[in-house]
Peer 1: 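The structure is given below, and queries will be raised subsequently.
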Amino acid sequence: MPRKPTRSERLLDSAVTIPSQRIRGYVDSVRRDHPDADPEEIIEILTSRYLWTVSGSGGAVGAAAAFPVVGTTAALALTAGQVTAFLAASSALCLAVAEVHGIGTEDAARRRALLLSTLVGESGPRLLEQQFGLSTATWGRVLLTRLPVATVKTVNRTLRGRMAKTVITKGSTVFLGRLLPFGIGAVVGFVGSRAMGKNLIVGLAEAFGRPPADFPHEIGAASEAAAIEGDLFARADTLIEPAGEDSDAP
């Protein structure tokens, strides 16, 4: 009988449900705003916006704790949703970078494997090489396009069992550190969240290698709607769907 996914697993499952058209629309809107930028520069813009979003929200939660009683209560409430917001923004960046590389997928298992692998930074590719022989410098493309789904689900189970809890625990430590009073929490929140975000960016660079010389497709009409909706990373948690009971776990 399949076991029910844990809360951490449900958070990860929810984070990968952002619709592809929202991702493509946002990437296209960034390209429209920067018509002379090449794919590498667009990825730099995306990662910069992502970092400011996750680190800025971390600092804001910490700043709330500077106010006695009310501040700590507010910070606790904000921290409860911060893991979801961080994972959703991280998922959005993974999918946006994949879009720039011309790779898209609606498959939840493949998206989940990419997010899990990149969240652990440089150790993600090492584990994939040791366990599954993915030694290519662009393993992200292989993971999203060519690896059999059964193997992808095995990747997910391996990463969840060995690393997912560590990532969630590390994140929770950073988020709880934001509750420190006298403004210290703001510093912990900003620096800690930024470090976690940079770790993800390292993982993405390992996953996809150098950006392509040219964009894989022309800018579509969806970019106009994305521009109206605002920054993808700041509102990524509003675009995800609640996770069900199904998972890759046996």
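Nothing fancy with the numbering, it's 1 onward along the sequence.
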Peer 1: Between Val16 and Ala108, what is the shortest heavy-atom contact and its length?
Peer 2: CG2-O, 4.1 Å
Peer 1: How close do Ala15 and Ser91 get, counting heavy atoms only, and between which atoms?
Peer 2: O-OG, 2.7 Å
Peer 1: Taking only residues two or more places apart in sequence, or in another chain, which ones meet Ser90 in a side chain to side chain donor-acceptor pair (under 3.5 Å)?
Peer 2: Tyr50
Peer 1: Test your reading of the model: is there a side-chain donor-acceptor pair from Trp139 to the backbone of Glu206, 3.5 Å cut-off?
Peer 2: yes
Peer 1: Going by heavy atoms in the side chains, are Asp107 and Leu144 under 4.5 Å from each other?
Peer 2: no
Peer 1: Does NZ or CZ of Arg31 fall inside the cone over Phe215's six-membered ring, less than 6.0 Å from its centre and within 45° of the axis?
Peer 2: yes
Peer 1: Sequence neighbours excluded, which residues qualify as salt bridge (charged side-chain N to carboxylate O under 4.0 Å, His left out) partners of Arg49?
Peer 2: none
Peer 1: Please list, chain by chain and in numerical order, all residues satisfying salt bridge (charged side-chain N to carboxylate O under 4.0 Å, His left out) with Glu41, sequence neighbours excluded.
Peer 2: none
Peer 1: Are any of the side-chain heavy atoms of Cys94 and Leu200 separated by less than 4.5 Å?
Peer 2: yes
Peer 1: Heavy-atom distance under 4.5 Å between the side chains of Arg110 and Val149, does that happen here?
Peer 2: yes
Peer 1: Shortest non-hydrogen contact from Pro216 to Gly102?
Peer 2: CG-CA, 3.3 Å
Peer 1: Can you tell me how far the CZ atom of Arg22 sits from the CD1 atom of Ile240, to the nearest 0.5 Å?
Peer 2: 13.0 Å
Peer 1: Less than 4.5 Å apart, any side-chain heavy atom of Phe208 and any of Ile43?
Peer 2: no
Peer 1: Thr151: what forms a side chain to side chain donor-acceptor pair (under 3.5 Å) with it, not counting sequence neighbours?
Peer 2: none
Peer 1: Does anything in residues 82-96 pair up under salt bridge (charged side-chain N to carboxylate O under 4.0 Å, His left out), and if so which pairs, sequence neighbours excluded?
Peer 2: none
Peer 1: Please step through side-chain hydrogen bond (donor to acceptor under 3.5 Å, both in side chains) for the pair Arg32 and Ser29, ending with a clear verdict.
Peer 2: CA-CA 5 Å; Arg32 188 185 294 276; Ser29 73; over 6 Å; no
Peer 1: Taking side chain to side chain donor-acceptor pair (under 3.5 Å) as the test, write out the residues that go with Arg111, two or more places apart.
Peer 2: Ser20
Peer 1: Taking all heavy atoms of Ala213 and all of Pro39, pick out the closest pair and write down the distance.
Peer 2: O-CD, 3.6 Å
Peer 1: Which residue pairs pass the side-chain hydrogen bond (donor to acceptor under 3.5 Å, both in side chains) test with at least one member in residues 93-102, sequence neighbours excluded?
Peer 2: Arg24-Glu99, Glu99-His217
Peer 1: Go through the structure and list residues passing side chain to side chain contact (heavy atoms under 4.5 Å, CB included) with Ala113, not counting sequence neighbours.
Peer 2: Leu143, Val152, Val155, Asn156
Peer 1: Quick check for you: to the nearest 0.5 Å, what is the distance between Ile23 atom CD1 and Asp28 atom CG?
Peer 2: 11.5 Å
Peer 1: Not counting sequence neighbours, which residues clear side chain to side chain donor-acceptor pair (under 3.5 Å) with Glu218? List them please.
Peer 2: none
Peer 1: Under a 3.5 Å distance rule, please check whether Thr17 uses its side chain to pair with a backbone N or O of Glu241 as donor and acceptor.
Peer 2: yes
Peer 1: Please tell me if the side chains of Leu232 and Val30 come closer than 4.5 Å, counting only heavy atoms from C-beta onward.
Peer 2: no
Peer 1: Tell me the closest heavy-atom pair linking Leu51 and Gly197, and the distance in Å.
Peer 2: CD2-C, 3.7 Å
Peer 1: Supply the atom-to-atom distance Thr145 OG1 to Ile103 CD1, rounded to the nearest 0.5 angstrom.
Peer 2: 6.0 Å
Peer 1: Restricting to non-hydrogen atoms, name the atom on Leu95 and the atom on Ile18 that form the minimum distance, rounded to 0.1 Å.
Peer 2: CD1-O, 4.4 Å
Peer 1: May I ask you to decide if Leu114's main-chain N or O and Ser117's side chain share a donor-acceptor pair within less than 3.5 Å?
Peer 2: no
Peer 1: How many angstroms lie between atom CD1 of Ile201 and atom OG1 of Thr118, to the nearest 0.5 angstrom?
Peer 2: 10.5 Å
